[in-house]
Structures are given as C-alpha cells and as structure tokens.
2 protein chains.
Amino acid sequence: MPKAKPLTPAIIAEAALRIGDRDGAKAMSMRRIAGELGCDPMALYRHFPDRQALLDAVADLAMADVRDPDPGANWDHRLHALVTGIRAAALRHPGIAPHVAARPPLAEQGQRLGAAMMTALTQAGLSPADAIRTSQTLVAYAASALAMAVQGGTRDERWHQVSDTLSSLPDAPPGDGLPATGSDEQFEFGLRLLLLGIRHVAAADAGA
Amino acid sequence: MPKAKPLTPAIIAEAALRIGDRDGAKAMSMRRIAGELGCDPMALYRHFPDRQALLDAVADLAMADVRDPDPGANWDHRLHALVTGIRAAALRHPGIAPHVAARPPLAEQGQRLGAAMMTALTQAGLSPADAIRTSQTLVAYAASALAMAVQGGTRDERWHQVSDTLSSLPDAPPGDGLPATGSDEQFEFGLRLLLLGIRHVAAADAGA
DNA sequence: ACCTGAACACCGTTCAAGT
DNA sequence: ACCTGAACACCGTTCAAGT
C-alpha cells in the first residue's frame, strides 16, 4: 500500500520500526521498508549511506520513550530507573533490540540518556573520569541483558539453558526457582551487583 | 581446493572457524564452508539442522584454548583470569566473536568454563544460588565487552564515539586519556566494578 | 534409503540507462 | 543533475529428481 511522497530520515526510521515490531528483525530489509513507504528501494540510499546507518537511526528512535525519572530522587534510584527503562524500551521493540545490543544508539536519544546517566553518577560523588567509565560499563551491561533476552527479534528461550546448564554442575545448587538468564529477575541481580560496586568507587572518589 | 571425504561436526566447525578468521563473519556462509571442504553445501545439513547450530559449534570451539588458571589462586584472581581469557579468546577469532556475544557457547567448552566460574564463586563464599546468578552476570558482561570490541568480525572503531560523546557533555570531564569503550582498559574497569559487588555479596552470604 | 544439485525466494548494493 | 529499476553477486533452505 503506497503512501505519499515526501521522504525524511525520521519517516523512514518510523516505517522500519513499525515493520520490525510487526514482523521481526529480518523483515527490516531495504526492499520491505521501501515497500511499506511505496517508494523505490534505492530512494532510501539518498537518506542513509547503507542499511547499517538506517538501523542505527531506528535503534535511536526506539529509545525515545525512556524517561529520566524525577531528578530529585537518589542517584541509585535514578540509575536503576534509567538502565531498567532502556532495557524495557528495547524489549518493547524486539525487532530492533538485537541492533541496540550490538551498537549503542549515539544519536539524539543516545546522547540524552548518556547525559542523564552522567549527571546521576556525578551526583553519586564519582569523579568525572570514573563517571564516564561507569556509564560505559552500565551501557555494556544493559546491552548484554538485551542480547540475552532477545534473539533475532523474539524473546529467546535458548538462554534459559544457561541457567539449566549452570544448575547441573557438580557443586549442586538447588536449581529450581532460579531466575532464567534473560529474565527480569536475573537482570535486576546483575544491576544490583554493579550498583554495589559503584557505591564503593564513589566512597573512594569522595575520600580522595 | 576440495579435500578428502569424511565429514564430522568437528571438521566442519574447524573449517568454518578458519574461514571466519581469514575473511570475517559474513564469509562463514554455508556455501563458502562447503567450498572450503570440497563438498556440496547440502552435506552440512546432515550434521547441523541449520546455520545457527553450526555457528554455535564454531563459537564453542573458539573457547577451547581458555585455561582455568592455577586452582590454588585467590577466587578473584581466578575469576579475573577466566573472564579476561574468554574475552581474549573470542578476540583472537573476530569472525565468530559477534556470535559468541549474541549466543553463549553451551557445548563442551561453555560447560567447562561455566563450571570453573561456579567453583571460583563458591570458593568466594557465595551461596549456590547467588553463584549461579553471578555467573550469569559475568557471562553477560563478557559478552557485552565482546560486542563492543568487535563489529561484524573486525574491531569496531565506532564504539570509540561513545567515549567521545560522553566526554562532550555539560559536566565537562577531562576527556583526554580516557579508555575507549571497547578497549582493554575499559573492560578492566567494569570487571573490577563487578568484583567489588561480588565481594560485598559474598560477605553478606557468609554472614547469613 | 540416501544423497545431490537445481530451484525458490529472498538479500544489499552497483551502475547504466533514462528523464 | 537527478532519479530509477534492472542487474550483479550473493544468501539459507526446500525439494524433486536421481542413484
């Protein structure tokens, strides 16, 4: 179903996100996106140098509805809300989530979220240099949590095997009732681990 | 250059790894692998259900030369060596590294490394349940560090922009001399953050 | 019954030909 | 000068035809 004419990068990215939400990651091909917009596939190349650049724009767009929660809250609440929000936003768009995990959004939304994390970490008492290093670590963890929850545009059952595999080792842990690898609970555990480490570094930075 | 006849999953995985090392991730196609082995592309399907399963085997193979360092060492030294070793092994095979990052190796090597991490964490004093949760977090972090260092089978320059982007924010940190996102130094920082958190949890588990 | 390779239904991107 | 779409060089996988 062809549409009107005026193409912009934003319109293209929105169409691609729609297709990804509907039909998965592999459906976001140049041909399918052009079909959705009713234009020639080659027309997309006048707005993006290649498919990778187009998907970068889609990934950034998917981060648009992550809110930086009330700036008056504690730094750890803010950080927790931000990182959780990034993961949740990506999971709301499973088609583009693998791309978010593989390549950090660096456009408008990526910069906004990066800035929010930096202020929360500075608020925590980290030195500017450590705040940057920590931001990168949190981005890495959020990305990985995404890759684990999503595979090829659908929530990935296979990761559950990691938990099963680890549970079946000699040291014999309980096994049942443990969070699966890509689950919300497992994500929360790792994030708490990182926040504990951050608190420690913050104390050291403040003491220095 | 066709070779001899007998195909096994191991021989196929070795050929694919060789191609990936030489020509990158996209070169590991069913057709190219078959060409390397001098067989029909369809012959591969008698040993693997699909391409994804074949790449899973290649990813596991790439972990084969990670050593569990001297078991007498401190738990944090062992963990550090294991996680660093996983990342280094994957970076030695950049063609398969993105796949290692996206899907954890669960075959022979994956189970061996999982078991090694579990014993180190138990040694640290963690409860079995927390040891599993922490293993998963460490796997997640290692995977992410890989995704950041490698893109499409080559070390990714684009991630350096994350560091640049964060450095250019209002709060104005020094900017120069900071580790780039996919770098060894940045990886070490995040790993130390996690080890600090683990030490904290270990103390709590021991006290309970 | 097993194996092969032609064929199907796609890709991203180049580039020559049209306007 | 700009835009188009045919064509190139690939994919993973199915399946009918051969042995």
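Naming convention: chains lettered A, B, ... in sequence-line order (proteins, then strands); numbering from 1 in each chain.
The shortest side-chain heavy-atom distance between B/Arg32 and B/Asp23 falls under the 4.5 Å cut-off. Contact check for A/Tyr45 versus A/Asp40: no side-chain heavy atoms found under the 4.5 Å cut-off. You'll find the side chain of A/His99 stays beyond 4.5 Å of the side chain of A/Val58, heavy atoms only. Looking only at side-chain heavy atoms (C-beta outward), A/Leu7 and A/Cys39 come within less than 4.5 Å of each other.
D/dC10 is unpaired under the Watson-Crick or G-U wobble criterion, no partner having all donor-acceptor distances under 3.5 Å. Under the Watson-Crick or G-U wobble criterion, with both distances below 3.5 Å, C/dG5 is paired with D/dC15.
Between D/dC3 and A/Arg46, a contact under 4.0 Å exists linking OP1 or OP2 to a side-chain N or O.
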Heavy-atom protein contacts under 4.0 Å, nucleotides 11-18 of chain C, coded B base, S sugar-phosphate only, - none: BBBB----

How far apart are the C-alpha atoms of B/Leu126 and B/Ile198, what are their side-chain angles, what is the distance that settles it, and do they pass the side chain to side chain contact (heavy atoms under 4.5 Å, CB included) test? CA-CA 8 Å; B/Leu126 257 61; B/Ile198 292 169; 4.2 Å; yes

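Comparing C/dC10 with D/dA9, their P atoms are spaced 22 Å from each other, to the whole Å. Comparing the C1' positions of C/dG12 and D/dT14 gives a spacing of 23 Å, expressed to the nearest Å.
Within the structure, no pair that satisfies the salt bridge (Lys or Arg N to Asp or Glu O under 4.0 Å) test touches residues 112-121 of chain B, not counting sequence neighbours.
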